[in-house]
Engineer: 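Before we start, here is the structure in question, set down as structure tokens.
Naming convention: chains lettered A, B, ... in sequence-line order (proteins, then strands); numbering from 1 in each chain.
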There are 2 protein chains.
Amino acid sequence: MTSGEPAGPEHRASKGHAALAYDRIRQAIVEGAYGPGDRLVEQRISEEFSLSRTPVREALRRLESEGLVVFRRNRGAAVRYLSADDVRDLYELRARLESYAAELASVRGTIRSYDAMDEAAEQFERQVGRSGDVVIAQDDRVRALSDTNNRFHQTIVAAAGHERLSQMLASAVDVPLVFQALRGFERSELQRSAEFHRMTAHAIRRGEGARAGRLMSEHILLGRDRLMEDLERGEGARAGNASE
Amino acid sequence: MTSGEPAGPEHRASKGHAALAYDRIRQAIVEGAYGPGDRLVEQRISEEFSLSRTPVREALRRLESEGLVVFRRNRGAAVRYLSADDVRDLYELRARLESYAAELASVRGTIRSYDAMDEAAEQFERQVGRSGDVVIAQDDRVRALSDTNNRFHQTIVAAAGHERLSQMLASAVDVPLVFQALRGFERSELQRSAEFHRMTAHAIRRGEGARAGRLMSEHILLGRDRLMEDLERGEGARAGNASE
DNA sequence: CGGGAACAGATTGTATGCAAAGCTGGCTCG
DNA sequence: CGAGCCAGCTTTGCATACAATCTGTTCCCG
């Protein structure tokens, strides 16, 4: 569900308080509990989580380096605000990076990683099929879809076997946006996404890297287009509203 | 080592101790004072810089997020070790990112940014011209060359006007490698680099983004080839030992 | 009545203390 | 003679205390 950390059992003590704070703050941002521009006061958060400021601070700086949060000297952290232009840029960057990942995956991936990729693609398809007729509004559905979608993309990134690339993608994907985007998708769009997943996975497995890269890029840019429509219409909860 | 940073209790409030520690540690790694695998013990570093452990720790985590340093839980930080394969991957990634930056710069750059770009390219050329016949061994020369080279590349990235991209490149460039690479360059290779700088800058200014991107990519991949030769021939100071 | 200096509250940035997790080396026991 | 274990030291991770900086407001003076 969250990206990056290897999915271990839920041992709170074994993870370290800083990592814990990181997970929780990140999730709060991704799901919109903290909106863009909200200040993240260390004292308040540390009380909320029953920790000291030190690990909270560490988590915040880590989130800063991933681009979810901005720091201003002596003024602390706030959830990053993204303009429509920022979103456009971010998606285009992501398209390039993930296209590259798809190319690499087609060369370096193992059979097992391909199987995992297909499995995620199939599950996504099933979830789309099961979802309601027009718009899937229920948060749980969106979350499940988002998780499966992330899993598909991350499987490919993992198959690419490029650690730094995977690290970068974690910060380029900007999960809040993906979450938002999926919420607005209509069923036909979800089906198209599922189809792109299938085609991309197929190309990767066959070793056709360039094709896989183009498909992946197109897939992501289609997502961008859809999201930009929403943002320009003004209903994005995360961007587009510039007033305090 | 450092040319002029005050280390005493007298300090400017404008920078913050954490940022200072970051700069100094980073420079030490880039120039090889700390080699790959060296442990970075917080206590020792904080004494060295007359600071407390807190800002040092913060600096180390920032360096971790940039990929120069690795943390292992309860064992602290160490300078990251890069295998030859890692270096290859890193350069290819950098090529893609900076190629994209060049494309963007050709569309978004201002006249002023183009002038700065040319200025850096010209200075690089002058410095190459002035340097010794075969191999420039002197650290000062290498450092000057490295600075100018970085300035050229960073000018383009800045002209691209894509904050996240620029942030990513900061961590993809892995300055120690560039430093090492330049040290091994022969004069003819430096001249070729200078020429690529000129051609790339020209393409950017004329708005030929695709060309600029290809040139930039090629320029970086040439650098990669040269560096890989060095690494394979003997262990470069930074890579060569494969144990975990 | 308006501008600005200074004060107060809030919040970050830095320093230090303390407990727990790792590592090292030596000792004991098989 | 070797292997395993225990003790002590090192170093991190977290908590807390303190100092520096910023923001907003009030009050004084022109």
Engineer: Nearest whole Å is fine: how far is dG13(C) C1' from Tyr22(B) OH?
Structural biologist: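 Answer to the nearest Å: 19 Å.
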Engineer: dA21(C) phosphate, OP1 or OP2: any side-chain N/O from Arg73(B) under 4.0 angstrom?
Structural biologist: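 No.
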Engineer: Starting from the C-alpha separation in whole Å, work towards a yes-or-no answer on salt bridge (charged side-chain N to carboxylate O under 4.0 Å, His left out) for Asp85(B) and Arg88(B).
Structural biologist: CA-CA 5 Å; Asp85(B) 284 347; Arg88(B) 208 189 318 264; 3.4 Å; yes
Engineer: At 4.0 Å (heavy atoms only), tell me whether Leu40(A) reaches a base, stays on the sugar-phosphate, or touches nothing.
Structural biologist: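 Sugar-phosphate contact only.
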Engineer: Please evaluate residues Glu48(B) and Arg24(B) with respect to the criterion salt bridge (charged side-chain N to carboxylate O under 4.0 Å, His left out), reporting the C-alpha separation (whole Å), side-chain torsions for both, the decisive distance (0.1 Å), and the verdict.
Structural biologist: CA-CA 11 Å; Glu48(B) 217 166 294; Arg24(B) 294 192 57 175; over 6 Å; no
Engineer: Nearest to the side chain of His17(B) - dA15(C), dT12(D), dC14(D)?
Structural biologist: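 Shortest atom-to-atom distance from the side chain points to dA15(C).
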Engineer: Measure from the side-chain heavy atoms of Leu51(B) and tell me the nearest of dT12(C), dC14(D), dA15(C).
Structural biologist: dA15(C)
Engineer: When the ring planes of His153(B) and His219(B) are compared, do they come out parallel, tilted or perpendicular, using 30° and 60° as the limits?
Structural biologist: parallel
Engineer: Counting side-chain heavy atoms from C-beta on, which of dC14(D), dT11(D), dT12(C) comes nearest to Ala18(A)?
Structural biologist: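 So the nucleotide nearest the side chain must be dC14(D).
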Engineer: May I have the distance from Arg61(B) (atom CZ) to dC14(D) (atom C1'), rounded to whole angstrom?
Structural biologist: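 Result: 12 Å.
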Engineer: Can you tell which of Glu66(B), Gln27(B), His17(B) makes a side chain to side chain donor-acceptor pair (under 3.5 Å) with Tyr22(B)?
Structural biologist: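 By the side chain to side chain donor-acceptor pair (under 3.5 Å) criterion, Tyr22(B) pairs with just one of Glu66(B), Gln27(B), His17(B): Glu66(B).
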Engineer: Could you give the CZ-to-C1' distance, from Arg53(B) to dT11(D), as a whole number of Å?
Structural biologist: 7 Å
Engineer: For Asn74(B) and dA19(C), give me the distance from atom CG to atom P, rounded to whole Å.
Structural biologist: 17 Å
Engineer: May I ask you to verify if any side-chain N or O of Arg57(B) is less than 4.0 angstrom from the OP1 or OP2 atom of dG13(D)?
Structural biologist: yes
Engineer: Between dA15(C) and Ser52(B), is there an OP1 or OP2 to side-chain N/O distance shorter than 4.0 Å?
Structural biologist: yes
Engineer: Calculate the interatomic distance between Arg72(B) atom CZ and dA21(C) atom C1'; express it in whole Å.
Structural biologist: 13 Å
Engineer: Whole Å only: how far is the CD atom of Glu58(B) from the C1' atom of dT12(D)?
Structural biologist: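 Nearest whole value for this atom pair: 17 Å.
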Engineer: Given dT11(D), dA21(C), dG13(C), identify the nucleotide with an atom nearest to the side chain of Glu42(A).
Structural biologist: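 When the side chain of Glu42(A) is considered, dG13(C) is the closest of dT11(D), dA21(C), dG13(C).
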Engineer: Starting from P on dG9(C), measure out to CD on Gln43(A) and report it in whole angstrom.
Structural biologist: 17 Å
Engineer: I want to verify a distance call: between dT11(D), dG13(D), dA15(C), whose nearest atom is closest to the Arg39(B) side chain?
Structural biologist: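 Out of dT11(D), dG13(D), dA15(C), the nucleotide with an atom closest to Arg39(B)'s side chain is dT11(D).
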Engineer: Nearest-Å distance, CG (Leu60(B)) to P (dG13(D))?
Structural biologist: 10 Å
Engineer: Among the candidates dG22(C), dC14(D), dG13(C), find the nucleotide nearest to the side-chain atoms of Arg75(B).
Structural biologist: dG22(C)
Engineer: Going by an N to O cut-off under 4.0 Å, is there a salt bridge joining Arg151(A) and Glu119(A)?
Structural biologist: yes
